[in-house]
Amino acid sequence: MADASPVTGIPATLIPGDGIGPEVTQSVVAVMEVLGSPFAWDVQLGGMAAIAVGGDPLPKATLDSIRRTGLALKGPLTTPVGGGFRSVNVRLREEFHLYANLRPARTLIPGGRYENIDLVIVRENLEGLYVAFEHYIPIGDDPHAVAMSSGVNTRDGSRRIAEFAFDYAARNGRKKVTIVHKANVLKALTGVFLETAQQVAEKYKDRVACDERIVDACAMQLVLNPWQFDVIVTTNLFGDILSDQAAGLVGGLGMAPGANIGLHAAIFEAVHGSAPDIAGKGIANPTSVLLAAAMMLEHVGLKDKRTALEHAIDQVLNVDQIRTGDLGGHATTLEYTTAIINRLKG
Ligand code: NAI
Ligand code: MG
């Protein structure tokens, strides 16, 4: 059919993923249509779904697509534990130099263990102990007698992530950045991170306050008084741990989105995994991946659409009280999605 209207939508790669991935990403696709189809989806395979087709969990076609679009929404991918292929998530971060992992944690449903949480964890995504330069030293007949692991933090990498965090804080009206480290013990590895981040803080001191915490004390403070934190910037492994902890403050994995951001590409995802125990049942909570899609809207400059989507989610959860089973409700993924669409249609 001839169609005179121009092709609309920003090209974006969509990887439905494994387990509940296709169910929750389908929810995003449906909701985005009501928001005027801001993205033109290029659907690509990843994870077990890709292995089943071509033997590779991260096929070339998927990489090529992200290279072309520079923008992706990714459903969860199943990763075999101990052996098997390397984490596709880590491969994607390395491939596209996605150096910043941005994980906001915000209370969406009042009445939980903590009220009014609104903090953001900025995790360095390419360096630190996560580089996993590991080896064993055999002694006698024990090939694993000594296990060794080296971490790598660079001046450039530390500056890049600190600048990302302070710039994010300044642009988003955030008041304070807390640098989290373990420089009292890992004096070189996390010392260079702390020192460099403090240099960056100097440049922002008129706009954004800065303090620092040792990671173990920070973990305790996140439980005792999470409201003291605004933006936290930290190294890869500490950010991995603290961002799950922060998700726990706001009701767990079903409510936590994440963004992996580099200079030339950004990949948005839910923090949770493929939930094989409920896959295919149509009961998964799509909120995490919807919130990830909301971050993606803002990333491409559509902040008003982000606000509209987050507002609709808030209304459905708290006014309509339509919730999926993990939140104590009875709604299916489709019923919850339909409720959000109805809210967006006003
Ligand atoms: P998981 O996050 O998939 O599930 C943990 C528990 O939370 C399960 O009981 C599950 O039913 C529930 N759950 C998770 N998301 C939910 C949702 N949206 N709605 C309702 N309930 C939800 O973690 P698990 O079981 O440790 O991992 C399963 C697989 O996912 C593994 O292969 C793991 O490697 C992978 N994974 C992938 C990630 C990614 O691609 N970003 C992140 C984390 C895990
Ligand atoms: Mg993690």
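This one's a predicted model, so the numbers in the text were calculated from it and none came from an experiment. Each ligand, and each atom within it, is numbered from 1 in the order the structure gives.
- The contact set between ligand 1 and Glu269, taken as ligand atoms under 4.0 Å from a residue heavy atom, comprises 41 (N).
- Between His299 and Phe268, the distance separating the two ring centers is shorter than 6.0 angstrom.
- Classified by interplanar angle (parallel below 30°, tilted 30° to 60°, perpendicular above 60°), the ring pair Trp41/Phe39 is tilted.
- Listed by number with element, the atoms of ligand 1 under 4.0 angstrom from any heavy atom of Lys74 are 40 (O), 41 (N).
- For the pair Arg207 and Phe166, the cation-pi criterion (under 6.0 Å, within 45° of the ring axis) is not fulfilled.
- Close placement of the Tyr136 and His144 rings is indicated, their centers lying within 6.0 Å of each other.
- The NZ atom of Lys305 sits 10.0 Å away from atom CG of Leu344, with the distance rounded to the nearest 0.5 Å.
- Contact atoms of ligand 1 toward Ala275: 3 (O), 10 (C), 11 (O), 13 (N), 14 (C) (distance under 4.0 Å to a heavy atom of the residue).
- Where the criterion is an N or O separation shorter than 3.5 Å, residue side chain and backbone included, Pro276 fails it with respect to ligand 1.
- When each atom of ligand 1 is checked for a heavy atom of Thr78 under 4.0 Å away, the hits are 32 (O).
- The proximity of Val24 to ligand 1, defined as any non-hydrogen pair under 4.0 Å, does not occur for either the backbone or the side chain.
- At under 3.5 Å, a nitrogen or oxygen of Gly273, whether backbone or side chain, sits near a nitrogen or oxygen of ligand 1.
- Among Val271, Asp18, Asn285, Ile278, the residue whose heavy atom lies nearest to atom 22 (C) of ligand 1 is Ile278.
- Contact atoms of ligand 1 toward Ile20: 15 (N), 16 (C), 17 (C), 18 (N) (distance under 4.0 Å to a heavy atom of the residue).
- Residue Asp240 approaches the Mg ion (ligand 2) most closely through its N/O/S atom OD1.
- Residues forming a side chain to side chain donor-acceptor pair (under 3.5 Å) with Lys345 (at least two apart in sequence, or on another chain): none.
- Residues in residues 271-285 take part in no salt bridge (charged side-chain N to carboxylate O under 4.0 Å, His left out) pair, two or more places apart or across chains.
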